[in-house]
Amino acid sequence: MSIRNKETALIITSTLLWVAVMFAGWYGKWFMGMFLGLIIMFIYMLMGSAKQGVISKKLLWYPLVSWLVLWSVGFYFAQSYALKFSEGIASFTIFGFHPSFAFIVLFYWVGGVLTLTLGLNLYKDEWLSQAEWEAFKQKVAAENEGAQRMGIREDA
């Protein structure tokens with residue numbers, strides 16, 4: 001999937017979403033703010049995982065879209081159980097947690113971290129191959145050498 005020439009639009013969109021998150025917080029709409037935050041993070045992950053403006057479809061579907069779905073499900077059930085038990089104490093727990101918090105822990109924290117970690121390790125070459133890393137290090141070394149010759153950087 002190509003995001004080439006869409007980076008500016010994505011940055012402006014994320015900025016507007018940040019403003020919307022602030023307003024959601026000011027007006028007590030935390031649930032909406034959390035979902036807007038997911039979109040912001042997804043935009044950042046898209047831009048961060050793109051190589052020369054192209055995102056690997058493997059990386060897009062797993063872990064990025066999978067992560068988005070997991071967090072959305074976790075937020076949905078957290079809201080659902082928070083509203084269900086807003087008038088009193090929950091009649092049960094999940095792993096000792098209030099049901100609304102359990103979904104945050106299981107889907108948002110554990111599920112999200114495991115999904116991103118596993119996905120980025122499974123598709124590490126889609127993310128950043130060893131050859132690309134070596135090319136990047138050589139480019140930085142050449143830049144440092146050029147800066148040293150020009151007297152711009154003395155500590156390199």
Side-chain angles (χ1 to χ4, degrees), residues 1-79 82 94-95 97 100-156:
M1 180 175 114
S2 177
I3 62 168
R4 198 170 289 136
N5 302 322
K6 296 176 185 156
E7 292 90 349
T8 301
L10 289 170
I11 292 292
I12 291 170
T13 301
S14 70
T15 302
L16 294 173
L17 287 170
W18 273 116
V19 172
V21 167
M22 273 192 341
F23 278 104
W26 287 341
Y27 291 102
K29 304 291 184 187
W30 65 270
F31 187 60
M32 181 177 61
M34 289 170 62
F35 276 99
L36 293 174
L38 286 179
I39 297 168
I40 293 167
M41 288 186 278
F42 188 71
I43 288 171
Y44 291 159
M45 288 193 302
L46 285 176
M47 291 189 307
S49 63
K51 287 183 189 177
Q52 299 174 352
V54 177
I55 300 163
S56 159
K57 287 182 183 176
K58 287 180 189 176
L59 209 57
L60 176 64
W61 289 108
Y62 188 84
L64 302 184
V65 170
S66 302
W67 168 89
L68 182 65
V69 169
L70 267 175
W71 276 29
S72 297
V73 167
F75 287 169
Y76 171 80
F77 282 109
Q79 168 75 350
I94 300 173
F95 300 120
F97 296 119
S100 62
F101 186 64
F103 280 96
I104 294 293
V105 170
L106 294 172
F107 285 78
Y108 174 83
W109 182 245
V110 176
V113 169
L114 288 177
T115 296
L116 290 177
T117 302
L118 181 61
L120 292 175
N121 278 303
L122 277 174
Y123 301 121
K124 62 184 166 200
D125 285 341
E126 300 287 330
W127 176 258
L128 181 65
S129 70
Q130 190 62 37
E132 290 167 323
W133 176 244
E134 293 301 327
F136 173 76
K137 289 191 313 186
Q138 288 175 357
K139 180 180 175 182
V140 169
E143 293 289 330
N144 282 338
E145 186 178 305
Q148 255 185 334
R149 277 196 309 264
M150 294 175 59
I152 296 171
R153 187 172 171 145
E154 296 176 13
D155 62 337

Going through the distances and angles, do Met34 and Ile104 end up as a side-chain contact (heavy atoms from CB on, under 4.5 Å)? CA-CA 12 Å; Met34 289 170 62; Ile104 294 293; 4.2 Å; yes

Run Phe95 and Leu106 through side-chain contact (heavy atoms from CB on, under 4.5 Å) and show every step you take. CA-CA 10 Å; Phe95 300 120; Leu106 294 172; 3.9 Å; yes

Does Phe23 form a side-chain contact (heavy atoms from CB on, under 4.5 Å) with Val19? I'd like the steps, not just the answer. CA-CA 6 Å; Phe23 278 104; Val19 172; 3.5 Å; yes

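In this structure, OG1 on Thr15 lies 9.0 Å from CD1 on Ile40, to the nearest 0.5 angstrom. Atom CE of Met41 sits about 10.5 Å away from atom CG of Leu36, to the nearest 0.5 Å. From Met45, atom CE reaches atom CG of Leu120 across 9.0 Å, with rounding to the nearest 0.5 Å. Considering CH2 of Trp109 and CZ of Phe101, their distance stands at 10.5 Å, rounded to 0.5 Å. Going from atom OG1 of Thr117 over to atom CG of Leu122 covers 11.0 Å, rounded to the nearest 0.5 Å.
The backbone N or O of Gly112 lies less than 3.5 Å from no partner atom in the side chain of Thr115, so there is not a single donor-acceptor pair. Between the side chain of Glu126 and the backbone N or O of Lys124, no donor-acceptor pair lies under 3.5 Å.
More than 12 heavy atoms of other shown residues, nucleotides or ligands fall within 6.0 angstrom of atom OH in Tyr44.
Taking both residues in full, the closest heavy atoms of Asp125 and Glu132 are given as O-OE1, 4.2 Å, listed atom of the first, atom of the second, then distance. The two residues Gly53 and Glu7 have their closest heavy-atom pair at CA-OE2, 4.3 Å.
Glu134 and Gln130 share a side-chain donor-acceptor pair at under 3.5 Å.
Side-chain contact between Phe42 and Leu38: absent, with no pair of heavy atoms (C-beta onward) separated by less than 4.5 Å.
For Glu143, there are no salt bridge (charged side-chain N to carboxylate O under 4.0 Å, His left out) partners, not counting sequence neighbours. Remark: Ser49 engages no residue in a side chain to side chain donor-acceptor pair (under 3.5 Å) (not counting sequence neighbours).
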Show me the donor-acceptor pairs, under 3.5 Å and distance only, between side chains in residues 57-78 and residues at least two apart or in other chains.
unit_1	atom_1	unit_2	atom_2	d
Ser66	OG	Trp61	O	2.9
Trp71	NE1	Tyr108	O	2.7
Ser72	OG	Leu68	O	2.8

